[in-house]
Amino acid sequence: MIEASSNLRELFGDSDDELDEVEETDGDDNSYSSTSAVACVEISTSEDSRGTNKKLKVTKDPSPTRRDGNGPRNDNYDSVSSHSSLCYNEWSKRIGICDDVLTPGECDELIAVHESEAHHGYIDHLTVTRISDLVDHAPNYNSSEQTQRHDQQQQQQQKQQRQQQEPLHNAVYLALPLLRARYEVWQAVEDCFPEHCLELLPEFTALTAWHKGSFLENHYDSNRSYLEDRFISAVLYLNDPVGSECGNCNSNDDDDACDLHPENYHCTGFEGGDLVFEVPEGTSRLGANIGCQTNVSTPSDQTLQKHQITHPEKSTRVVTPRAGRLVCFPSCGRYVHRVEKITRGTRYALTMWFTRRDEAMERLQSLFLSQAAANLAPQQQPWETPQQAELLRRRIFLRPKIPLPDKNSLLSETEWRHLIAYCWWKKGIPLWEILSKSFTTETAMTDADIVEGRVFDNSSSRNPGIAMNSSTRTKLQKSESQLERVVREWRDHYVNPRRNGMASAMARWNADGMLATFVKDDEMKCI
Ligand SMILES: O=C(O)CCC(=O)C(=O)O
Ligand SMILES: [Fe+2]
């Protein structure tokens with residue numbers, strides 16, 4: 001997975017190269033929305049049906065059939081569709097759309113997880129949190145060493161007490177909701193591709209934040225030799241687009257309201273960002289013509305059928321993101337797609353690929369390393385310059401107007417970052433207000449504006465030089481009593497329950513650490 005991700009910049013960053021390999025189509029005159037168009041695989045999973053029973057229906061534990069490593073290459077969707085009079089319905093039904101795969105609350109938590117540990121992504125204006133960003137530095141929760149200990153329960157209690165007192169060194173507790181969501185996506189993808197049930201293995205899992213200005217040109221997802229193991233692509237959207245008004249901050253400002261109100265940066269709406277598929281050239285709109293099932297439903301489709309019109313060669317199928325909506329499709333060249341530019345706000349998603357080859361599977365064995373926890377200060381990604389990494393770090397603090405902490409600060413930098421995201425997620429906790437009583441707002445705001453403008457701007461990344469003044473830091477120390485209450489709530493009601501849930505889930509997982517399976521409801525409980 002590490003190799004694959006370090007190559008992602010090559011995949012997405014140099015869009016000129018990318019387009020050379022993909023047949024370009026330009027027509028979007030005939031685009032139509034997924035919500036009203038041809039029915040494909042539509043599976044609505046209500047909250048009830050997502051209970052433990054469903055989660056246990058397909059066991060993700062490794063079995064010889066899943067893990068023999070001899071699965072076929074991802075050529076069948078290409079070859080099924082490669083005859084010249086490809087049936088539109090046959091093509092379209094491979095684009096699975098499932099709504100309510102996660103609840104709004106689960107989506108919000110994943111957004112907060114991303115905000116806690118955001119790194120520069122593989123294209124401009126994109127930040128990512130790969131699952132490995134959370135677990136690679138995990139302490140050993142489940143080593144054989146530990147299980148052999150005589151008084152395991154006592155050890156566990158001591159450990160929990162230590163955790164409650166020690167500064168937060170790692171982000172592993174944040175992996176719990178992500179692992180749960182990963183499993184939900186996995187199940188939904190299997191539901192959409194039942195013919196490949198029990199074959200599909202996660203190859204890559206990351207939370208992605210598509211900030212204003214980000215987009216992806218036409219591409220398909222297995223379009224490099226080192227990506228050819230990718231078989232199914234899956235994107236679970238975590239927030240809704242908004243109209244002209246700002247969803248949460250009630251601003252009527254037409255001009256980038258969310259971007260202008262960083263203190264309300266829980267306004268997670270966005271504009272733009274549709275996922276647009278190119279219908280392959282030569283595709284017939286008439287499924288009946290070549291004997292496949294016809295389930296066309298829109299008036300325009302019926303008209304086409306009635307008049308026996310072949311669908312124009314160049315057209316698109318548009319999927320509009322929505323919180324809890326999963327879209328999954330073959331990663332092969334028949335499913336060329338793009339992401340339209342995000343023109344406002346941030347579009348959040350959980351992005352996954354599935355493979356059928358065991359060797360290509362995403363490894364999570366580092367969850368089981370018996371290493372001491374490393375300090376998870378934001379780490380420089382292979383494609384980042386140190387300056388870019390530093391700017392992103394500053395942005396995380398300054399966007400919500402929180403001064404950069406120094407050595408004497410109440411919390412470590414990791415803790416501050418996580419606390420900021422928690423408060424942002426919980427919305428009702430006015431961290432900025434608590435702090436603003438005792439630090440110089442003007443300084444923080446000025447810095448925030450400068451950083452916001454530069455963080456994604458490569459041309460200015462050579463000069464990140466922004467220093468917080470010392471009075472800001474000194475004053476921050478004085479607000480401890482109010483802050484301490486917030487910190488206690490965060491630790492007691494969030495960090496510790498999540499840590500315990502993680503430890504409990506991991507105790508049930510396979511000793512080789514290669515497959516993380518389901519996470520139980522009670523392990524997710526936050527008091
Ligand atoms: O986020 C999306 O809608 C699709 C993203 C995508 O195409 C990709 O990451 O390859
Ligand atoms: Fe893609």
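Start at 1 and go down the list; that is how both ligands and their atoms are numbered. The figures here come from the full heavy-atom set of this structure, side chains too, leaving out hydrogens, waters and symmetry mates. Everything numeric here is computed off the predicted structure, so don't read it as measured data.
Residues His337 and Phe329 place their aromatic rings such that the two centres sit under 6.0 Å apart.
Looking at Trp353 against ligand 1, only its side chain comes within 4.0 Å, counting heavy atoms. At a heavy-atom cutoff of 4.0 Å, ligand 1 is contacted by the side chain of His337 but not by its backbone. When non-hydrogen atoms are compared, ligand 1 lies under 4.0 Å from neither the backbone nor the side chain of Val327.
Of all atoms in ligand 1, listed by their number and element, those nearer than 4.0 Å to a heavy atom of Tyr237 are 2 (C), 3 (O). Residue-ligand proximity, Asp221 to ligand 1, at heavy-atom distances under 4.0 Å covers atoms 10 (O). Every atom of ligand 1 with a heavy atom of Leu216 under 4.0 Å away is listed here by number and element: 6 (C), 7 (O), 8 (C), 9 (O), 10 (O). Counting the atoms of ligand 1 from 1 in the order shown, those under 4.0 Å from a heavy atom of Val235 are 1 (O), 2 (C), 4 (C).
Using a 30° and 60° split on the angle between ring planes, Tyr348 and His211 fall in the perpendicular class, above 60°. Ring geometry, Phe193 versus His196: the interplanar angle falls from 30° to 60°, so the pair is classed tilted.
Side-chain contact check for His114 and Thr129: at least one donor-acceptor pair (N or O, by modelled atom type) lies under 3.5 Å.
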For this session: Could you walk me through whether Tyr335 and Trp91 pass ring-ring contact (aromatic ring centres under 6.0 Å, His included), step by step?
Result: CA-CA 9 Å; Tyr335 291 84; Trp91 175 82; 5.4 Å; yes
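Taking the N/O/S atoms of Asp221 in turn, the shortest distance to the Fe ion (ligand 2) belongs to OD1. Looking only at its N/O/S atoms, His337 has NE2 as the one nearest to the Fe ion (ligand 2).
Residue Glu109 forms a side chain to side chain donor-acceptor pair (under 3.5 Å) with just one option from Trp425, Tyr422, Tyr494, and that option is Tyr494.
Separation of atoms OG (Ser331) and CD1 (Ile232) is listed at 6.0 Å; rounding is to 0.5 Å.
Close to ligand 1: Arg347, with a non-hydrogen atom less than 4.0 angstrom away.
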